[in-house]
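Okay, structure first, notes after.
As a basis for the values below, the full set of heavy atoms in this structure was taken, side chains included, without hydrogen atoms, waters or symmetry mates. Not measured: the values here are computed from a predicted model.
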Amino acid sequence: MDAPDSPKLANFILEEVAKDLRTGRFNYVRTRLPPEPNGYLHIGHVKAFLIDYFTAKEFGGELYLRFDDTNPAKEETEFVEAIKEDIQWMGIQWVKETYASDYFDRLYEWAVRLVKMGLAYVDDQSPEEMSASRGTLHKAKWGEADMALKPGIESPYRNRSVEENLDLLERMKNGEFPEGSRVLRAKIDMSHPNILMRDPVMYRIIRTAHHRTGNKWCIYPMYDWSHGQNDSMEGITHSLCSNEYTIHRPLYEWFLEQLDEFRSRQIEFSRLNLTYAMMSKRKVRKLVEMGIVRGWDDPRLTTLRGLRRRGVTPEAIINFVIQTGETKNDSWVEMAQLEACIRDDLNKRAQRRMAVLHPLKVVIDNYPEGQVEWMDAINNPEDESAGTRKVPFSKVIYIEQDDFRETPPPKYFRLYPGNEVRLRYAYLITCTSVTRDPLTGAVTEVHCTYDPATRGGDAPDGRKVKSTIHWVSAQHAVPTEVRLYEQLFTTDKPDDFEDLDSIINPHSLEVLTNCFVEPSLAEAKPGDKFQFERTGYFCADLDSAPGKPVFNRTVTLKDTWAKIEKSTKL
RNA sequence: UGGGGCGUGGUGCAAUGGCAGCACAUCAGCCUUUGGAGCUGAGUAUCUUGGUUCGAAUCCAGGCGCCCCAGCCA
């Protein structure tokens with residue numbers, strides 16, 4: 001697999017890392033990519049991963065993949081494999097795969113050191129008691145003492161002897177106490193203005209089998225007691241994370257300072273917010289469980305698997321991430337920007353084909369019965385090396401219903417009675433009459449005549465036609481199913497809503513079962529990407545079978561006519 | 001309001017004391033055997049007030065707004 005090239009990027013993280021190298025704080029660069037194996041990756045994670053990857057790469061450094069598996073109640077091996085597969089698909093390469101659980105023994109030793117230093121203690125308070133004694137964030141309410149904030153209250157167990165703490169911690173580890181009965185806490189400052197410094201929990205008792213360490217452990221480290229220590233143990237120089245961890249940095253640094261261990265540096269950046277995308281793992285899970293989408297790889301989802309199935313390439317995603325840049329600003333990137341990157345990428349790589357999604361039968365009255373001509377068609381005007389192919393033409397063809405109007409609206413250039421259009425790569429045809437359903441009066445067939453002198457689409461007399469439309473020969477047409485997607489949500493910020501039913505776009509999936517595509521598409525394999533001329537980019541779905549392809553619409557082409565029609569109607 | 005973070009066109013990102021620029025989006029035009037692609041142009045921005053300076057998006061001071069934190073989640 002090709003690794004994405006380091007693009008020419010510049011951002012504040014790179015500047016900080018360069019500075020660290022210049023000042024000698026570090027003499028190499030190592031970053032880590034820290035997924036928690038409790039769900040599938042989405043495009044927001046990818047942004048974070050790409051930052052880790054490119055930052056290391058920019059300085060000739062290395063990237064570790066470290067699974068943050070500190071909570072056995074939530075994590076599973078299944079997700080480990082899925083995450084690795086997704087990261088590999090993106091082309092992100094790591095030099096070493098590790099797990100937070102690899103360091104449980106050493107981390108425990110470090111905890112014992114802290115206890116011996118008098119900097120950690122076992123607390124017997126209940127979760128409720130601890131919560132109540134943590135103090136408050138805001139100024140005390142009216143009527144109460146006029147103090148800046150309510151400090152926390154020290155635990156009655158805070159001043160146990162080192163010996164007692166050591167004994168209790170050992171017994172917590174050995175499983176002598178029930179889940180939730182005790183924790184190990186760092187002894188810092190219960191009146192610290194940063195609430196994370198008010199004696200944070202380091203270990204809690206969880207009696208659940210871990211996906212890697214089984215039943216060996218009865219205590220598991222909290223994020224704050226695991227992540228930074230693991231960074232240090234691995235010699236990670238730069239621990240890049242999202243802004244919400246900024247407030248954790250003092251604690252991150254406190255632990256390493258007290259332990260006098262290698263000091264990794266945490267740098268925060270803002271995470272990606274994408275309009276019309278659901279980024280919350282919990283809510284995506286809900287969509288799957290409620291059956292609103294067909295699974296974690298539903299093409300309407302911005303999970304990596306969803307995007308992949310939809311037909312989006314890693315390159316498009318990478319370009320998108322680079323385009324949107326890195327800052328600490330809270331920001332909302334428009335979905336249109338992602339779509340633009342997808343079009344830009346697919347325009348260069350996708351071969352063109354003709355496909356009729358909403359078929360209308362056209363009979364070319366003066367074309368010889370039974371005759372078939374194989375027309376030359378260009379595979380990709382953006383890429384000469386893609387070559388050409390032959391497309392069969394015959395007396396009866398299908399065109400798009402939208403490409404015919406009995407009474408044309410203003411500025412409509414396509415087929416209508418008396419008008420001449422070009423059939424792409426074939427002939428100029430003129431509409432002469434229509435056949436109707438005797439009951440409904442609906443047009444069932446359009447009759448045309450063709451000009452035999454215009455084979456290939458050029459008129460010898462130089463006359464111009466304003467429109468070129470696509471078509472498929474009826475006798476050669478391959479029937480297919482096509483799935484059209486729109487935004488899954490009716491709101492641009494779906495994460496703000498808890499009642500998912502109320503924000504689902506009922507038209508987010510439209511299944512077309514009566515489509516016809518040219519014969520070269522019959523054997524399309526899952527993942528094959530095409531541009532259906534004038535319609536959009538499409539990708540053969542996993543559900544495709546030989547001779548029976550199914551296509552997902554990745555993204556539409558820009559539709560200028562739709563815009564004109566809309567504006568003239570208004 | 002205790003602590004922390006962040007404020008540049010509609011959106012995202014640049015400009016690191018010296019002509020506020022790029023991409024997406026929007027609008028207009030050119031071109032076109034995809035009403036695709038491409039090309040050209042237009043409109044719209046430095047949160048605010050004051051200060052320093054020949055000169056401020058940038059430095060200083062005050063104000064305003066938005067976001068994050070009171071899990072034995074990560």
Side-chain angles (χ1 to χ4, degrees), chain A residues 10-11 15 34-36 38 68 70-71 73-75 123 125-127 130-132 134-140 147-152 179-185 192-198 201-206 219-220 222-224 226-227 241-250 268 270 275 320 322-341 343-344 347-348 352 354 378 381-382 411-414 422-426 428 456-458 464-470 531-536 556-565 567:
Chain A
N11 61 52
E15 286 173 16
E36 183 188 12
N38 69 344
D68 225 333
T70 57
N71 189 345
K74 297 170 67 175
E75 296 143 6
D123 195 343
Q125 291 184 106
S126 69
M130 270 185 59
S131 175
R134 191 158 5 237
T136 57
L137 254 31
H138 298 285
K139 193 171 190 148
M147 44 196 350
L149 79 167
K150 208 163 139 195
E179 190 161 310
S181 61
R182 285 181 166 86
V183 292
L184 182 73
R185 285 230 251 177
H192 197 107
N194 179 345
I195 211 145
L196 279 157
M197 299 296 273
R198 320 242 266 226
V201 172
M202 295 166 62
Y203 278 112
R204 77 287 211 190
I205 299 170
I206 299 178
I219 56 173
Y220 291 90
M222 297 286 289
Y223 167 84
D224 284 311
S226 173
H227 201 97
C241 61
S242 51
N243 283 157
E244 63 211 88
Y245 292 99
T246 304
I247 194 167
H248 293 250
R249 183 160 20 97
E268 310 87 15
S270 62
T275 61
F320 170 73
I322 290 166
Q323 261 185 29
T324 51
E326 310 312 333
T327 64
K328 291 168 99 88
N329 301 348
D330 288 344
S331 64
W332 281 91
V333 181
E334 290 174 346
M335 184 64 89
Q337 189 147 1
L338 208 213
E339 289 174 351
C341 289
R343 285 194 191 96
D344 185 56
N347 180 45
K348 286 177 245 156
R352 316 285 127 122
M354 290 197 284
I378 294 166
E382 307 290 319
K411 294 185 187 166
Y412 187 85
F413 305 141
R414 280 115 92 148
R422 173 168 33 240
L423 293 176
R424 177 135 236 225
Y425 300 127
L428 264 35
D458 286 312
K464 300 281 186 208
V465 293
K466 288 205 96 160
S467 185
T468 300
I469 64 174
H470 61 275
Q531 184 199 96
F532 290 175
E533 297 224 16
R534 306 205 302 135
T535 307
T556 61
L557 247 21
K558 279 200 215 156
D559 191 346
T560 306
W561 165 244
K563 211 178 271 180
I564 293 169
E565 193 177 31
S567 67

At a cut-off of 3.5 Å, list every protein nitrogen or oxygen paired with a nitrogen or oxygen from nucleotides 4-6 of chain B, distance to 0.1 Å.
unit_1	atom_1	unit_2	atom_2	d
B/rC6	O3'	A/N329	OD1	2.6
B/rC6	O2'	A/N329	OD1	3.4

### Query
So which nucleotide from B/rA74, B/rA25, B/rA23 ends up closest to the side chain of A/R204?
B/rA74
### Message
Is it the case that B/rG10 (base atoms only) and A/E334 (side chain only) share a donor and an acceptor within less than 3.5 Å, ignoring hydrogens and angles?
### Response
yes
### Task
Examine distances only and state if a side-chain atom of A/D330 and a backbone atom of A/S270 form a donor-acceptor pair shorter than 3.5 Å.
no
### Summary
Among B/rC13, B/rC24, B/rC72, the one nearest any side-chain atom of A/T327 is B/rC13
### Query
If you check the A/L137 side chain, which of B/rC72, B/rG3, B/rA70 turns out closest?
B/rA70
### Query
Counting distance only, does the side-chain N/O of A/R198 pair as donor-acceptor with the main-chain N or O of A/H192 below 3.5 Å?
yes
### Summary
For nucleotides 35-45 of chain B, 5' to 3', base contacts (B), sugar-phosphate-only contacts (S) and non-contacts (-) with protein non-hydrogen atoms under 4.0 Å give BBS--------
### Query
Do the side chain of A/E75 and the main chain of A/N71 share a donor and acceptor less than 3.5 angstrom apart?
yes
### Query
With pairs taken as Watson-Crick or G-U wobble and both distances under 3.5 angstrom, which stems of at least three consecutive pairs involve RNA chain B?
B:2-7 with B:64-69, B:10-13 with B:21-24, B:26-30 with B:38-42, B:47-51 with B:59-63
### Message
In this structure, how many angstroms lie between the P atom of B/rG3 and the NZ atom of A/K150, rounded?
### Response
18 Å
### Message
Please check this pair: side chain of A/K328 against backbone of A/N243, looking for a donor-acceptor N/O pair closer than 3.5 Å.
### Response
no
### Message
For the backbone of A/F320 and the side chain of A/T324, can you confirm whether one donor and one acceptor N or O come within less than 3.5 Å of each other?
### Response
yes
### Query
Do A/D559 and A/K563 meet the salt-bridge criterion of a basic N to acidic O distance under 4.0 Å?
no
